[in-house]
Amino acid sequence: MAPSPTGPLHIGTARTSLYNYLFARHVGGTYVLRIEDTDLARSTAEFERDILDNLHWLGITWDEGPQHAGGDDIGPFGPYRQSLRMDRYAREADRLLQSGAAYHCWCTPEELDVVRKAQEASKQAPRYNGRCLNLTDADREQFATEGRRPAVRFRVPAETIRFDDLIRGEVEFDNGLLGDFVIVRADGVPLYHFVVVIDDEQMGISHVIRGEDHLSNTPKHIALIRALGYAEPVFGHIPLILNPDRSKMSKRKSQTAITAYREQGYLPEAMVNFLAFLGWSPGTEEEIFSLDELATRFEIGEVHKAGAVFDQDRLDYLNGVYIRALPDAELAARLRPFVPAAVSEETLAGVVPLVKERMVRLTDATELTGFLAEPDAVVAGWWTVADLLPKGKTADETGLALAAARDALAGADWSPEALEAAGRAAAESHGWKAGDFFRPIRIAVTGKPVSPPLFGSLVLLGREPSLGRLDGALDRLRSGAVA
RNA sequence: GCCCCCAUCGUCUAGAGGCCUAGGACGCCACCCUUUCAAGGUGGAGAUCACCGGUUCGAAUCCGGUUGGGGGCGCCA
């Protein structure tokens with residue numbers, strides 16, 4: 001797996017990492033992580049940290065590579081950061097230059113841009129025109145005195161490249177259609193297509209599993225591999241994750257950062273399960289799998305060829321499934337970062353059984369437990385007198401009912417069972433349906449028409465605060481405030 | 001423009017010639033349960049398997065073409 005720290009861990013990169021992980025674990029191989037940070041201008045330590053942290057969060061572990069951001073490498077073929085391997089790339093570039101498989105190109109970006117624009121305008125394939133292929137020494141001297149620095153271009157042999165893709169089977173390209181591409185920039189920085197091939201060889205990579213967007217880059221890599229005399233790895237190109245409009249999933253149209261999902265309260269187990277099924281299925285009707293189970297079932301050859309739309313509804317459903325499957329104590333621990341600090345450990349433990357079946361994301365706890373953390377005045381601000389009234393009931397009628405409810409509850413033991421018994425008895429003697437009777441209580445205490453189970457909520461809030469909120473509601477009702 | 005890849009319900013998918021009058025899940029709708037909302041249960045709508053040819057006794061499954069979609073063609077990765 002070779003992420004580039006030019007942005008936070010992307011959904012697509014996470015899924016590619018996952019498939020690599022599952023494949024490696026399934027076949028008992030060695031999983032290597034390499035940081036592709038040759039683009040110094042865009043790579044940051046912060047993004048590297050985000051990528052490694054979130055990979056850890058998902059439970060994806062690797063055998064070789066930097067284990068933590070800024071940490072030491074593990075493995076015999078390091079360093080595993082490309083920025084630390086520049087001398088190796090320079091040596092290989094020299095070899096190619098020596099053999100004539102590569103040549104210096106003195107064209108400036110501006111000149112290349114002009115050519116490319118012209119090609120596009122005349123509906124031609126945008127490719128290098130080979131201008132620097134047959135330069136004389138005088139030409140080169142001239143360019144040098146102009147202050148130009150040459151880039152290194154690979155002379156792509158015009159031949160048909162065939163390879164057997166793990167997922168797509170036989171694939172064939174005509175490299176005669178390709179232009180010579182740059183492998184080392186004028187400033188000496190080697191480029192992706194070049195370094196990836198060198199590292200794969202030097203790190204003993206046997207299987208390259210990556211996104212389908214690299215399928216048409218593969219013939220370039222194979223040409224380079226042959227020119228360098230390397231062993232050819234096996235390639236597997238997995239389908240892309242798509243925006244709802246079926247284009248490649250992008251930041252512009254979808255939420256792509258794993259961190260964002262993490263911060264919104266998605267569970268890593270749900271994320272992994274969801275991602276694994278975006279492009280693969282075990283061929284049965286089972287759908288809930290842990291990472292380990294996935295690793296034992298996963299077959300790279302079963303991966304689909306077509307892209308898969310990222311369906312947030314399905315992720316939400318899976319997240320709910322995983323939340324409900326968590327033991328209460330475990331859920332409480334995971335909820336801690338998402339509930340206000342004002343909510344005590346005891347209250348949190350008590351609230352878990354009440355909210356467990358009502359959550360899609362961990363962040364839902366903030367909403368569900370707000371009435372426990374906020375002061376009375378804030379909670380009172382969440383509703384109006386009109387909200388209090390059950391359908392078809394007047395303010396006066398509701399005031400009478402709420403007063404009766406308040407008295408009944410005040411006279412009961414402060415336990416869910418006793419409160420419910422008292423509440424139901426009061427509702428019956430008042431002649432109201434339980435649902436109508438409980439509505440003003442619910443709103444007065446929790447501030448909202450939708451809440452966790454009422455009597456458990458009352459117990460969690462406590463007797464005095466609960467009765468206080470009921471009294472406050474009664475006052476507002478009696479003062480005739482119409483809102 | 002050129003090259004490559006792909007194509008089963010809205011979405012994720014099962015399906016590797018007869019088991020398919022195409023199965024499951026999400027979402028949607030209805031009902032049940034129910035103190036709200038969920039969760040759960042039951043049922044339902046939803047796919048002429050992109051289209052057209054061909055092979056075959058028989059095709060969603062094999063072959064060809066068409067159409068549609070996607071990806072690539074950077075001194076980004």
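Below, chains carry the letters A, B, ... as their sequence lines are ordered, and counting in each starts from 1.
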Protein-to-nucleotide contact annotation, 5' to 3' order, nucleotides 72-77 of chain B [B base; S sugar-phosphate only; - none; under 4.0 Å, heavy atom]: SBSBBB
Restricting to ring pair (Phe, Tyr, Trp, His ring centres under 6.0 Å), what partner residues turn up for A/His237, sequence neighbours left out? none
Taking only residues two or more places apart in sequence, or in another chain, which ones meet A/Trp62 in a ring pair (Phe, Tyr, Trp, His ring centres under 6.0 Å)? A/His56
Say we look at B/C37 and B/C32: how far apart would their P atoms be, to the nearest angstrom? 14 Å
Generate the contact string for nucleotides 12-17 of chain B. Rules: B means base contact, S means sugar-phosphate contact only, - means no protein heavy atom under 4.0 Å. BSSS--
Return the pairing partner of B/U55 with a 3.5 Å limit on both distances, Watson-Crick or G-U wobble; otherwise return none. none
Please list, chain by chain and in numerical order, all residues satisfying ring pair (Phe, Tyr, Trp, His ring centres under 6.0 Å) with A/Trp432, sequence neighbours excluded. A/His430
When the P atoms of B/C29 and B/G23 are compared, how many Å lie between them, rounded to an integer? 23 Å
Using the C1' atom as the reference point in each nucleotide, state the distance between B/A60 and B/C49 in Å, no decimals. 4 Å
A/His193 meets the ring pair (Phe, Tyr, Trp, His ring centres under 6.0 Å) criterion, sequence neighbours left out, with A/Phe181, A/His221
For A/Val114, all residues meeting side-chain contact (heavy atoms from CB on, under 4.5 Å), sequence neighbours excluded: none
Distance check, P atoms only: B/U61 and B/U8, in whole angstrom units. 12 Å
With sequence neighbours excluded, what pairs up with A/Pro233 under the side-chain contact (heavy atoms from CB on, under 4.5 Å) test? A/Val208, A/Ile225, A/Phe235
Considering only residues two or more places apart or on different chains, which pairs with a residue in residues 400-427 of chain A satisfy salt bridge (charged side-chain N to carboxylate O under 4.0 Å, His left out)? A/Arg406-A/Asp471, A/Glu420-A/Arg424
Can you sort out the partners of A/Arg88 under side-chain contact (heavy atoms from CB on, under 4.5 Å), two or more places apart, ordered by chain and number? A/Pro79, A/Arg85, A/Arg91, A/Gln202
Hunt down the Watson-Crick or G-U wobble partner of B/A60, both distances under 3.5 Å, from any strand shown, or write none. none
For B/G10 and B/A47, measure between their P atoms and round to the nearest Å. 7 Å
Could you identify the nucleotide paired to B/C31, looking across every strand shown and requiring Watson-Crick or G-U wobble geometry with both distances under 3.5 Å? B/G41
pair_partner(B/A25), Watson-Crick or wobble, both distances < 3.5 Å, evaluates to B/U11
What is the pairing partner of B/A50, taking Watson-Crick or G-U wobble pairs with both distances under 3.5 Å in any strand? B/U66
Can you build the contact string for nucleotides 28-49 of chain B? Use B for base contact, S for sugar-phosphate-only contact, and - for no protein heavy atom under 4.0 Å. -------BBBBSS---------
Under 4.0 Å between a side-chain N or O of A/Lys123 and OP1 or OP2 of B/G1? no
Row check, A/Trp383 ring normal vs A/Lys448 NZ/CZ: under 6.0 Å, within 45°: no
Using both distances under 3.5 Å as the test, list the Watson-Crick or G-U wobble partner of B/C73, or none. B/G1
Given the P atoms of B/A14 and B/U56, what is the spacing between them in whole Å? 30 Å
Distance, rounded to the nearest Å, where A/Glu170 contributes CD and B/C5 contributes P: 11 Å
Using the six-membered ring of A/Tyr19, assess whether NZ or CZ of A/Arg15 lies under 6.0 Å from its centre and within 45 degrees of the ring axis. yes
Does atom CD of A/Gln124 have more than 12 heavy-atom neighbours, drawn from other residues, nucleotides or ligands, at distances under 6.0 Å? yes
Students often get this wrong, so: under 4.0 angstrom with heavy atoms, is A/Glu120 touching a base, only sugar-phosphate, or nothing? nothing
Between B/U55 and B/C62 - C1' atom distance, rounded Å: 8 Å
A/Ala412 meets the side-chain contact (heavy atoms from CB on, under 4.5 Å) criterion, sequence neighbours left out, with A/Leu419, A/Ala422
Need the pair for B/G17. Rule: Watson-Crick or G-U wobble, both distances under 3.5 Å, any strand; none if unpaired. none
Smallest separation among heavy atoms of A/Pro66 and A/Leu52, with atom names: O-CD1, 4.2 Å
Rounded to whole angstroms, how far apart are CD on A/Glu212 and C1' on B/C6? 7 Å
